[in-house]
Undergrad: 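The structure that follows is given in the form of structure tokens.
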Amino acid sequence: MKHKLKKRGIGFYASIYFKIIAQDFKSKMSYRADFIISTLGMIMTNISGFIGFYIMFQKFETINGWNYYEMLFLYGFSLIALTPMQCLFDNNWNLRFVVEDGSFIKYCFRPINIFFYYISEVFDVKGLGQLLMGGITLTYAWNKLSLPFSFKTGALLLLALFTGSLFMIAIMNMAAATCFWIIHSGYVMVTMFKFTEYAKYPVTIYQGFFRVLFTFIIPIAFVAYYPSYIFLRPEVPLLTCIAPLFGIFFFWLSYRFWMLGAMRYSGTGN
């Protein structure tokens, strides 16, 4: 079996993935009202965040040196960076349930990567509403800040968004995988997801302990602040330069942690 797995490359997994997603999408379209309501709910939630920024800056011209449009830039950037986690890795929210009821065992008997097989079963379509809202907000802030746009800046923007996405996915992968060791681990997922709210603000507004926490322990600052810093300030810190490599390493670490839990799983014993 291991020999066969080594021969299966990206093309094989891409083909399988699109077939699985097609089936998931068909099932969701059977309940179109639920899809529409969920998508609108996601958009309205993000609009409320936009309104929150507007109200905040009616009283303050800047927050620790960051003006309204710079904060909107971070907000829109974070929404886009969070979208891959929302759309592609949403099944992590169900992991603790299938581990507890024993149904996770089915993923252990297929001749494909367990992580890929499990994660690919769900595509959260309503996350596209978040992508739309993030794109509109980022474009609006980009224009208001009069930022230049070229092929180079476009490529840097894609790299920065990819980097931010890696960090958010990795954080949630690790949070979800705790269910292999902790019973009723839902609070870990909820707590980590709530930290995404802090990704929408520059890490410099926090005091020493929280700045270290959000940079090196729970690296929320790498979801939006450090990747997007290159567009908002002339000087580029070292952490921004190494963010893509750090993001790849952190994602790989989360994948190994997830797989470590999956490999030790032996069912419920029932």
Side-chain angles (χ1 to χ4, degrees), residues 42-43 45-54 56-57 63-90 92-93 124 127 129-138 140-142 156-176 188-233 237 239-240 242-244 246-251 253-254:
M42 178 70 74
I43 293 174
T45 298
N46 293 319
I47 288 177
S48 67
F50 185 94
I51 295 173
F53 273 116
Y54 178 78
M56 184 189 309
F57 278 91
I63 297 180
N64 200 23
W66 293 77
N67 64 40
Y68 175 61
Y69 297 112
E70 289 173 331
M71 294 289 282
L72 276 186
F73 186 99
L74 287 177
Y75 182 68
F77 188 99
S78 68
L79 291 182
I80 299 174
L82 291 173
T83 297
M85 183 273 294
Q86 180 76 41
C87 291
L88 304 177
F89 292 81
D90 193 62
N92 265 329
W93 285 98
D124 189 6
Q130 177 173 277
L131 176 64
L132 175 63
M133 188 63 197
I136 293 172
T137 304
L138 184 63
Y140 174 73
W142 190 291
L156 284 175
L157 180 60
L158 291 177
L159 177 61
L161 288 168
F162 175 72
T163 299
S165 296
L166 285 177
F167 278 97
M168 194 63 242
I169 292 168
I171 290 171
M172 297 310 288
N173 280 346
M174 287 188 168
V188 180
M189 285 285 288
V190 172
T191 301
M192 290 300 104
F193 186 73
K194 285 184 177 180
F195 276 123
T196 61
E197 290 299 315
Y198 298 102
K200 301 168 184 176
Y201 301 93
V203 72
T204 52
I205 71 173
Y206 305 116
Q207 295 301 314
F209 170 76
F210 290 100
R211 192 177 300 185
V212 173
L213 174 68
F214 295 147
T215 301
F216 299 108
I217 302 174
I218 305 174
I220 291 296
F222 284 92
V223 174
Y225 175 73
Y226 284 114
S228 64
Y229 198 95
I230 191 172
F231 305 104
L232 301 175
R233 294 290 187 271
L239 289 176
T240 294
I242 66 173
F246 186 24
I248 293 172
F249 171 74
F250 191 45
F251 175 81
L253 198 64
S254 75

Undergrad: For residues Y201 and Y206, establish whether the separation of their ring centroids is below 6.0 Å.
TA: no
Undergrad: Does D124 use its side chain to pair, donor to acceptor, with the backbone of L88 at less than 3.5 Å?
TA: no
Undergrad: Over all heavy atoms of both residues, which pair between I63 and M71 is shortest? Give the atoms and the distance, please.
TA: CD1-CE, 4.4 Å
Undergrad: Tell me, please, which residues at least two apart from F193 pass ring pair (Phe, Tyr, Trp, His ring centres under 6.0 Å).
TA: W93
Undergrad: Looking at every heavy atom in both T83 and G127, which two are closest together, and how far apart are they?
TA: CG2-O, 3.7 Å
Undergrad: Check for me whether the distance between the ring centres of Y225 and W66 falls short of 6.0 Å.
TA: yes
Undergrad: State plainly whether the residues E197 and K194 are in salt-bridge range, i.e. N to O under 4.0 Å.
TA: no
Undergrad: Looking at residues at least two apart in the chain, or sitting in another chain, which of them share a ring pair (Phe, Tyr, Trp, His ring centres under 6.0 Å) with Y68?
TA: F57
Undergrad: With sequence neighbours excluded, tell me which residues meet ring pair (Phe, Tyr, Trp, His ring centres under 6.0 Å) with Y75.
TA: F53
Undergrad: Quick one: CG on L82 to CE on M172, what's the gap to the nearest 0.5 Å?
TA: 10.0 Å
Undergrad: Can you tell me how far apart CG (L79) and CD1 (I136) are? Round to the nearest 0.5 Å.
TA: 11.0 Å
Undergrad: Please report the shortest heavy-atom distance between A199 and S78, naming the atom on each side.
TA: O-CB, 4.2 Å
Undergrad: Is there a donor-acceptor pair under 3.5 Å between the side chain of T240 and the backbone N or O of Y226?
TA: yes
Undergrad: Quick check: closest heavy atoms across S165 and A81, and the distance to 0.1 Å?
TA: OG-O, 2.8 Å
Undergrad: Using atom types as modelled and distance alone, determine if a side-chain donor or acceptor of T163 lies under 3.5 Å from a backbone N or O of A243.
TA: no
Undergrad: So, using side-chain hydrogen bond (donor to acceptor under 3.5 Å, both in side chains) as the criterion, who are the partners of Q130 when residues are at least two apart?
TA: none
Undergrad: Please report the interatomic distance CD1(I80) to CZ(F162), rounded to the nearest 0.5 Å.
TA: 15.5 Å
Undergrad: Flag the pair Y69 / W142 as yes when their ring centroid distance falls below 6.0 Å, and as no otherwise.
TA: no
Undergrad: Tell me, do L232 and L74 make a side-chain contact under 4.5 Å, heavy atoms counted?
TA: yes
Undergrad: Quick check: are there more than 12 heavy atoms from other residues, nucleotides or ligands sitting under 6.0 Å from CZ of F214?
TA: yes
Undergrad: Considering only heavy atoms from C-beta outward, does the side chain of M174 approach that of L253 to under 4.5 Å?
TA: yes
Undergrad: Rounded to the nearest 0.5 Å, what separation is found between the OG1 atom of T137 and the CG atom of L72?
TA: 6.5 Å
Undergrad: Given side chain to side chain contact (heavy atoms under 4.5 Å, CB included), test F77 with V223 step by step and report yes or no.
TA: CA-CA 9 Å; F77 188 99; V223 174; over 6 Å; no
Undergrad: Strictly distance-based, threshold 3.5 Å: is any side-chain N or O of T196 a donor or acceptor partner for the main-chain N or O of M192?
TA: no
Undergrad: Is Y140 atom OH crowded by more than 12 heavy atoms from other residues, nucleotides or ligands, each under 6.0 Å away?
TA: yes
Undergrad: So, does E70 use its side chain to make a donor-acceptor pair with the main chain of N67 at under 3.5 Å?
TA: yes
Undergrad: Could you tell me which residues satisfy salt bridge (Lys or Arg N to Asp or Glu O under 4.0 Å) with R211, sequence neighbours excluded, listed by chain and number?
TA: none
Undergrad: S254 and I171: side chain to side chain contact (heavy atoms under 4.5 Å, CB included), yes or no, with the steps?
TA: CA-CA 7 Å; S254 75; I171 290 171; over 6 Å; no
Undergrad: Hey, does N64 have a side-chain heavy atom less than 4.5 Å from the side chain of P202?
TA: no
Undergrad: If you round to the nearest 0.5 Å, how far is NZ of K200 from CD1 of I220?
TA: 11.0 Å
Undergrad: Please lay out, stage by stage, how F251 and N173 fare under the test side chain to side chain contact (heavy atoms under 4.5 Å, CB included).
TA: CA-CA 8 Å; F251 175 81; N173 280 346; 3.8 Å; yes
Undergrad: Which residues satisfy the ring pair (Phe, Tyr, Trp, His ring centres under 6.0 Å) test with F167, sequence neighbours excluded?
TA: F222, F246, F250
